[in-house]
Amino acid sequence: MHIDQIYIQYLKENNSKGIQLIYNKYAKQIVTLIVKNSGTEDDGYDIFQEALVDIYHMAQEKDFVLTTSFGAFLSIVCKRKWLNALKKNQRMPVTNLEQSVLYVEDDSSKQWDDMLEKVDKENRVMALLNTMGESCQQIIKRCMTEKHQEKIAEALGISYAYLRKKKSECMATLIRKVKESGLF
Amino acid sequence: MEKLTDKIQDYIDGLLDGDELQAFEQKLREDEDFRNLVYLQREVNDIIHKRVNSGEQDLRISLRAAEQETRSHDGATPLIKKIKPLIAVVSAACLFVVGYLFFTNSNSSLYELPAMQSEVVRGEEAVVRYEEAVRLYNAKSYKESRKMLNQLIQEEPEVVQYQYYAALTYVGEKKWKEALKALEPVAFGTSIFQEEATYYMAVCHHKEGNDAEAKRLLQTISSQGKIGEKAKKLLKKID
């Protein structure tokens, strides 16, 4: 385990002082990297925040162990996210991307590939869920967070049977969107 | 297909039992496509379950606070700087969406009522009167449907779904004033019908010639989902 595991712990515990330390130590370096690669300062901070959220999710896996410095790992996650954003928005031709300082083609990043891909996939499922109507989102999310569906139905002002029916329909719509996205 | 998907979610939620469970598991063993569909839905279900219970939203609050602190030391004005580059993107996106909606959709569906949903879920008996109300509503026999719904409202006044559809029966009959009166408590409530009720209130105001109020209501509806799209189209039409 690397000595920088403490930064992972700060994120896992949502330790505000620790998180401020992460920003003080690493934010400028990442923002500068993004600005030098066709991004704005706001893009830099957005990527930085989203990368920390991704690391937080990865750290929830019980076999997650930081084997490199936190800065190097954070840099890998940010570069990957920014490359994906650039490709998605076509803000830079692919050939330029491959020549840019962002291009990551070394062994240190490969060991994280599976985990990063898994987090990307989860992010995309959640993004698809967030494109659904407010009532579907509410039903699906509440059914996942609260144990007693009868109480959810009561709180939403609908009958239990209607809730189950609606949840099934909403999930079917989401699965259709997931299949159409080619994600799985 | 709809029955099949009903069963899949019930299976994942552990709500199938007896013969139904046996039949489902037999199909699972014999039909590879069905098996893959069930596995996919279970995987998506697990992802959402994990994410909504992960504490991500609390973490984001801390991250935003740390960002604000960091940027304030840089002498930046985070909010304005954050919004400015987005304005062009959002404007372009809005133009695209409005244009797309304008050219690809007709306005005829704007005033159409949603179909009333049946409650028949596998493994449960239908509530006879509700099912009759559904049948009458979907057959546009609004007055008769409302009569059944009003009985249900008397028995279970906390079930907003009955109030919502009862209110829509007035819309179906083009009784805008009565509809507004009946929709109001649903639109100002917190149920899952809140946005839909707001939308149909806007339709009623529009039909009554009160476009200012219709626009005001439409602007409160979030842009996601079908009702968001309908609200955007109606706003465009009123403008």
Worksheet item: Hey, are B:R64 and A:Q49 close enough side-chain-wise for a donor-acceptor pair under 3.5 Å?
Response: no
Item to complete: Show your reasoning for whether side-chain contact (heavy atoms from CB on, under 4.5 Å) applies to A:M171 and B:I12.
Response: CA-CA 11 Å; A:M171 281 301 287; B:I12 291 168; over 6 Å; no
Fill in: B:T70 vs A:K28 side-chain heavy atoms within contact, under 4.5 Å
no
Discussion item. Given heavy-atom pairs under 4.5 angstrom as the criterion, report whether the side chain, backbone, both or neither of B:Y164 touches chain A.
Written reply: neither
Practice prompt. Examine whether an atom of A:I139 lies under 4.5 Å from a heavy atom of chain B, and if so say whether it belongs to the side chain, the backbone or both; otherwise answer neither.
Written response: side chain
Worksheet item: Checking heavy atoms, do the side chain of A:L129, its backbone, both or neither come under 4.5 Å from chain B?
Response: side chain
Discussion item. With a sphere of 6.0 Å drawn around NZ of A:K177, does it hold more than 12 non-hydrogen atoms of other residues, nucleotides or ligands?
Written reply: yes
Worksheet item: Using non-hydrogen atoms only, which part of A:E50 is less than 4.5 Å away from chain B: side chain, backbone, both, or neither?
Response: side chain
Worksheet entry | Nearest-0.5 Å distance, NE2 of residue B:H49 to CD1 of residue A:I140 | 13.5 Å
Discussion item. Taking side chain as everything from C-beta outward and backbone as N, CA, C, O, which of these in A:K12 sits under 4.5 Å from a heavy atom of chain B? Side chain, backbone, both or neither.
Written reply: neither
Worksheet, complete the sentence: NZ (A:K118) and CD1 (B:I47) are apart, to the nearest 0.5 Å, by 8.0 Å
Discussion item. Can you tell me if B:E32 has over 12 outside heavy atoms packed within less than 6.0 Å of its CD?
Written reply: no
Worksheet item: Based on non-hydrogen pairs under 4.5 Å, which of B:E195, B:E56, B:E69 is most in contact with chain A?
Response: B:E56
Worksheet item: By a 4.5 Å heavy-atom criterion (distance strictly below it), what part of B:E158 contacts chain A: side chain, backbone, both, or neither?
Response: backbone
Discussion item. Quick check: closest heavy atoms across A:S168 and B:D10, and the distance to 0.1 Å?
Written reply: OG-OD1, 4.5 Å
Worksheet item: Given A:I175 and B:V44, is the side-chain contact (heavy atoms from CB on, under 4.5 Å) satisfied, shown in steps?
Response: CA-CA 8 Å; A:I175 296 300; B:V44 169; 3.8 Å; yes
Item to complete: Please report the shortest heavy-atom distance between B:A66 and A:Y23, naming the atom on each side.
Response: CB-CD1, 3.4 Å
Fill in: chain A contact via B:I227 - which portion, at a heavy-atom distance below 4.5 Å
neither
Discussion item. Measuring only between side-chain heavy atoms, which start at C-beta, is B:R71 closer than 4.5 Å to A:E41?
Written reply: yes
Worksheet item: Can you tell me how far CD of B:E67 sits from CD of A:Q20, rounded to the nearest 0.5 angstrom?
Response: 10.5 Å
Discussion item. Is B:D13 in contact with chain A via its backbone, its side chain, both, or neither, using a 4.5 Å heavy-atom distance?
Written reply: side chain
Discussion item. Counting heavy-atom pairs closer than 4.5 Å to chain A, which one of B:E156, B:E196, B:E43 comes out on top?
Written reply: B:E43
Practice prompt. Below 4.5 Å from any heavy atom of chain A, which atoms of B:Q194 appear? Answer side chain, backbone, both or neither.
Written response: neither
Worksheet item: Is the closest side-chain heavy-atom distance between B:R51 and A:M144 below 4.5 Å?
Response: no
Item to complete: Calculate, to the nearest 0.5 Å, the distance between atoms NZ and NE2 belonging to B:K50 and A:H57 respectively.
Response: 7.5 Å
Fill in: Inter-residue atom distance A:N14.CG - B:R60.CZ, 0.5 Å rounding
12.0 Å
Worksheet item: Hey, is B:K226 close enough to A:E134 for a salt bridge, meaning N to O under 4.0 Å?
Response: no
Worksheet item: Does any non-hydrogen side-chain atom of A:K179 lie less than 4.5 Å from one of B:L37?
Response: yes
Item to complete: Check the surroundings of atom CD in B:E155: do more than 12 heavy atoms from other residues, nucleotides or ligands lie under 6.0 Å from it?
Response: yes
Response to the item:
Okay, A:T131 and chain B: the region with an atom under 4.5 Å from a heavy atom over there is backbone
Worksheet item: Do the non-hydrogen side-chain atoms of A:F48 and B:L63 ever get within less than 4.5 Å of each other?
Response: no
Worksheet, complete the sentence: Of all heavy-atom pairs linking A:Y162 and B:I192, the shortest is CE2-CD1, 4.3 Å
Discussion item. Does any backbone or side-chain atom of A:V53 lie under 4.5 Å from a heavy atom of chain B? Answer side chain, backbone, both or neither.
Written reply: both
Discussion item. Around atom CG of B:D19, are there more than 12 heavy atoms from other residues, nucleotides or ligands closer than 6.0 Å?
Written reply: no
Worksheet item: About how many Å separate CE of A:M126 and OG of B:S54, when rounded to the nearest 0.5 Å?
Response: 8.0 Å
Fill in: Audit row: A:L174, B:I48, side-chain contact (heavy atoms from CB on, under 4.5 Å) steps and yes/no
CA-CA 11 Å; A:L174 178 61; B:I48 299 169; 3.4 Å; yes
Fill in: Derivation of the side-chain contact (heavy atoms from CB on, under 4.5 Å) call for B:S62 and A:I19
CA-CA 7 Å; B:S62 304; A:I19 287 169; 3.8 Å; yes
Item to complete: Determine the minimum heavy-atom distance between A:K141 and B:V52, stating which atoms define it.
Response: CG-CG1, 3.9 Å
